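In this text the structure is predicted, and so the values were computed from the model without any measurement. Each chain gets a letter, A, B and so on, in the order the sequences are listed, and its residues count up from 1.
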2 protein chains.
Amino acid sequence: MSSIHDVAQAAGVSTATVSRALRGLPNVSEPTRLRIRGIADELGYVASSNASGLASGRTDTMGVAVPSVSRWFYTTVLEGVDSALRDAGFDMLLYNLASREGDRERTFHRTLLRKRTDAFIAIGVDFTSAERQQLLSLGHPILAIGGPVPGIRNIGVDDRAVARRATEHLIELGHRDIVHLGGPDDEGLNSRLPVDRRAGFMEAMREANLEIRDEWLLSGGFAVEASREVIAQVFRTSARPTAVFASSDEMAFGAVLAAQQSGLRVPEDVSVIGIDNHDMATSFGLTTIAQDPYAQGVLGANLLLGELRGEPARRTSIRADHELIVRESTAPPRRES
Amino acid sequence: MSSIHDVAQAAGVSTATVSRALRGLPNVSEPTRLRIRGIADELGYVASSNASGLASGRTDTMGVAVPSVSRWFYTTVLEGVDSALRDAGFDMLLYNLASREGDRERTFHRTLLRKRTDAFIAIGVDFTSAERQQLLSLGHPILAIGGPVPGIRNIGVDDRAVARRATEHLIELGHRDIVHLGGPDDEGLNSRLPVDRRAGFMEAMREANLEIRDEWLLSGGFAVEASREVIAQVFRTSARPTAVFASSDEMAFGAVLAAQQSGLRVPEDVSVIGIDNHDMATSFGLTTIAQDPYAQGVLGANLLLGELRGEPARRTSIRADHELIVRESTAPPRRES
DNA sequence: TTGAAAGCGCTACCAG
DNA sequence: CTGGTAGCGCTTTCAA
C-alpha cells in the first residue's frame, strides 16, 4: 500500500500537488496532473479515507438504518438509496437495527455516533426520544423514509389515505364482509404505520356504514406465513368474509395462498387487496395500492446529498405518491352467499 | 462534538489515559476509569473513527459486496454477517455491485479500495481477474459466500450435489418428464452456480436414463415472474411435464403460481421442487433442498473476525450443508398420462 | 502553478 | 498506573 508520499516522490512534486491533482482541483497544470495520475495508477495508490476524512472533516459516507434487510420495502428503498449514493461517489454504512434491545443501545453508541457519516437515513425505523436526541446532536442532515418518526422529516405515502383507497376499492365492488389483515410488525417496523393503515381501513368502513367485526381485525405481523395461518382460520369458519384487506402485499400473498389451500378461488370466492406493489404482486395477479420505494430512496438520498453540497435544507416532510393497480385478485362478491 | 482533549481536560488527566480508560484497556485504575467514563458520557463524547483508524490502522469495519439486495439468498446471508459483526462491534460497509459495468469499476476504485475496511466478504458475486487482483492486493482477509469465485476461498453448498438430490427426489417419485428451470441470473449472480446446478440435474437424469429435452431446459433468470411466464408456456403445450425442477425456490414459486393459474393442481397434476428453503417455501408448501444462508453468513463473518484477531488463516473452502425437505408440492405422477 | 507546514483527533510507545 | 509525545496520511491555508 503506497502512500501519497510515494507518489509525490516518484513524481517529483509535493504531496499537496498530488492531493490536488488526484482530486481534480484547479490550479494544477494539465501535464502535471496527467503525470501524477499515471504514477498513482502505476503504484496502485488509493487515498486512505481515514486520513482524508480526518483532515477534511468529510467522510463521503452515508449512514443508513433499517429494521431488517429481509423485507421487500426496506430493501427496495435501500437499492434506491444505494443507486443515488453510487452516482455521488458515496459509500454506505448499513445499520441493521433489528435485534435485541440492549444490542441496539450499543450499536448506537459504538457505531452510529462515531462521526463516520456525513448524513443519515432511517428506513422504517422507530427511535426512542433519547436516540433521536443523539442522532440530531450529530448535527448532520437526517431523514426518515417509510413510517413517520416524530421530530424527523420524512418521505413516505399517506398511510391512512392508502389504506382508505384500498378499502374503498373493495367496497365499490360491493363487498360488505371485509377482513382487516394488519397489525404490528415483529421485526420492528415503524409503529405508526400499521396503526395509520388500520385507521384508514376503519374510516372507509364506517363511511360506508359497514360493520367492523372485532374478530376480523387480524394481525399477520407483515409476514406471509403468519398471515396465511391466521387467514386460513377465518376461512374455516362458517361466516366467511368475501374480501380481505391486507396492510401489505406480503400479507396479501399469505391470504391468497390460504385461500387456494382452502379450496377457495380468488377472486371468485374471495377478493384480496394489498398495499405496496411488491415485486411478486404481478405473479400473484394481486390488486394493490402501489408505491415506489426505490424512487423514495433515490429522492431521499439526493435530498441529503444536496444539503451536503450546501443546498438549503428542507424542513418539511414529503408525501410520496400511491396508485391503485387493479389486477385479478379482486372482483365483485358472488350474489347469494 | 467534543474531542478527547475536552474529556482529558475536564477529568484532569492526559488524553492517553482517556483513550485507555474508554477502550477498557488495562493499566487504568478503576476510580479513574469510572470518572472518565462519566465525564465522557456527560459531554457526549464519542471517539472519531477516522482519527482512531488512522492512528491504529484498524477500522473495525467489514466490507460486504452483494450483487443485489433484493434477493432472499443475499439478504439472508447479509443478516447473518450483520449479526456476527454486531456482536463483534464491527460496522458494515455495503457495496451493491449490481448495475452498469462502468459504474462498477469506479466503485472498485473509489470506494472498495480506500482502506476503509479490515476484511471483506463477497456474497454471490463474480469478480474479473483484475478486480480479484485489486482485492487481494488489499492484503486483508477475504472470503466469498455463495457461488465459488476462482482464487478466493468460499463458503457454500455443493451446487451440483444439491441439484442432483432434488432431481433424484423427483425421479424416485416416479417422474420421467421433468423440466429444468434455471439459467443465468440477470442481476449478476455468480455465474458458476446456475451451470453447476444444471450439471447436477443432468447427471441425475442421465443416470436414470431419462431424456433431457432441449425445449425443457428453461431459464427463469432466478426470478419469480420470468419463471412463471416461461413455465406457463410449457404448461400450455400438449406434452406437459409431470414435474418441474427449479434451481431456486423463487423460480419454483413462479412454477407453482403458473400451475395454479393454468388450472393445474400441485402436486396432483404437476410436482415442483426448488432449492434454498426460502422464507416463503413453507407458505407455498414447497418441497425443496434447504440450505442455511444465515448460518453461512455468521460462519463467514466469524471466520474473518477470527483471523483479524490473529487466528491462523484457513485457506480452503467450506462446504455448507443441505437437506431435502419434503412438503406438499411433490408427489408421484398420476398413472396414465 | 507549486511547495512548506500546520494540523485533523486519536493511538501507542516510552518514561516515570 | 499515568503522562508526554511522535506520528498515522491526508487536506488546507499561506507563501513563493
Side-chain angles (χ1 to χ4, degrees), chain A residues 1-37 39-40 43-61 89 91 110-111 113-118 138-139, chain B residues 1-37 39-40 43-61 89 110-111 113-118 138-140:
Chain A
M1 289 292 81
S2 46
S3 80
I4 196 171
H5 271 106
D6 305 330
V7 179
Q9 200 149 18
V13 297
S14 70
T15 61
T17 302
V18 173
S19 175
R20 283 185 293 242
L22 259 23
R23 286 183 300 151
L25 295 189
N27 298 329
V28 179
S29 73
E30 215 38 40
T32 310
R33 185 191 308 285
L34 254 35
R35 191 159 45 85
I36 292 180
R37 224 192 269 292
I39 292 177
L43 267 50
Y45 167 72
V46 196
S48 146
S49 71
N50 274 333
S52 65
L54 183 57
S56 70
R58 279 174 265 102
T59 63
D60 284 5
T61 300
D91 280 353
R110 300 193 42 173
T111 60
L113 306 171
R114 294 201 291 159
K115 310 181 182 69
R116 309 199 64 176
T117 57
D118 293 341
L138 283 181
Chain B
M1 290 294 80
S2 46
S3 79
I4 196 172
H5 272 107
D6 305 329
V7 179
Q9 199 149 19
V13 296
S14 70
T15 61
T17 302
V18 173
S19 177
R20 284 184 293 242
L22 260 23
R23 287 184 298 152
L25 295 189
N27 298 328
V28 180
S29 73
E30 215 38 40
T32 311
R33 186 193 307 286
L34 253 36
R35 191 158 45 86
I36 293 180
R37 224 192 267 293
I39 293 177
L43 266 51
Y45 167 74
V46 196
S48 147
S49 71
N50 274 335
S52 66
L54 183 56
S56 70
R58 278 175 267 102
T59 63
D60 283 5
T61 301
R110 301 192 41 173
T111 60
L113 307 172
R114 292 202 292 160
K115 312 182 181 66
R116 309 199 64 177
T117 57
D118 293 341
L138 282 181
H140 62 207

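- With sequence neighbours left out, the side-chain contact (heavy atoms from CB on, under 4.5 Å) criterion links A:Ser52 to no other residue.
- The line from OG1 of A:Thr15 to NE2 of A:His5 is 5.0 Å long, rounded to the nearest 0.5 Å.
- Scanning DNA chain D 5' to 3' for nucleotides with an atom closer than 4.0 angstrom to a non-hydrogen atom of chain B gives a first and last hit of D:dC1 to D:dG9.
- Residues meeting the side-chain contact (heavy atoms from CB on, under 4.5 Å) test with B:Ser56, sequence neighbours left out: B:Arg58.
- Remark on DNA chain D: of its neighbouring residues A:Asn50 and B:Ser14, the 5'-side contact belongs to B:Ser14, judged by nearest-heavy-atom nucleotide.
- For B:Ser49, the side-chain hydrogen bond (donor to acceptor under 3.5 Å, both in side chains) partners two or more places apart in sequence, or in a different chain, are A:Arg116.
- Residue A:Thr61 holds its OG1 atom at 5.0 Å from CG of A:Asp91, rounded to the nearest 0.5 Å.
- Rounded to 10 degrees, the angle between the two end axes of the helix from C:dT1-D:dA16 to C:dG16-D:dC1 is 30°, with five pairs used at each end.
- The line from CD1 of A:Ile36 to CD1 of A:Ile4 is 9.0 Å long, rounded to the nearest 0.5 Å.
- Contacts of residues 4-13 of chain B with DNA chain D (heavy atom under 4.0 Å): B:Gly12, B:Val13.
- Heavy atoms of A:Ser49 sit nowhere under 4.0 angstrom from any nucleic acid atom.
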Under 3.5 Å, side-chain donor or acceptor atoms of residues 18-25 of chain A against the rest of the protein: list the pairs with distances, not counting sequence neighbours.
unit_1: A:Ser19; atom_1: OG; unit_2: A:Arg23; atom_2: NE; d: 3.4
unit_1: A:Ser19; atom_1: OG; unit_2: A:Arg23; atom_2: NH2; d: 3.2
unit_1: A:Arg23; atom_1: NE; unit_2: A:Ser19; atom_2: O; d: 3.4

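- With sequence neighbours excluded, no residue forms a side-chain hydrogen bond (donor to acceptor under 3.5 Å, both in side chains) with B:Thr117.
- Shown here are the side-chain contact (heavy atoms from CB on, under 4.5 Å) partners of A:Ala55, two or more places apart in sequence or in another chain: there are none.
- Applying the side-chain contact (heavy atoms from CB on, under 4.5 Å) criterion to A:Ala47, with sequence neighbours excluded, gives A:Tyr45.
- When all heavy atoms of A:Ser14 and A:Ala8 are compared, the pair lying nearest together is C-CB, 3.8 Å.
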Give every pair of a protein N or O atom and an N or O atom of nucleotides 12-16 of chain C that lie under 3.5 Å apart, one pair per line with the distance.
unit_1: C:dA12; atom_1: OP1; unit_2: B:Arg58; atom_2: NH2; d: 2.7
unit_1: C:dA12; atom_1: OP2; unit_2: B:Arg23; atom_2: NH1; d: 3.1

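- For the pair B:Leu54 CG and C:dC10 P, the interatomic distance rounds to 12 Å; values are reported in whole Å.
- Checked against side-chain hydrogen bond (donor to acceptor under 3.5 Å, both in side chains), A:Asp118 has the following partners two or more places apart in sequence or in another chain: A:Thr59.
- A distance of 9.5 Å separates CZ in B:Arg35 from OG1 in B:Thr17, rounded to the nearest 0.5 Å.
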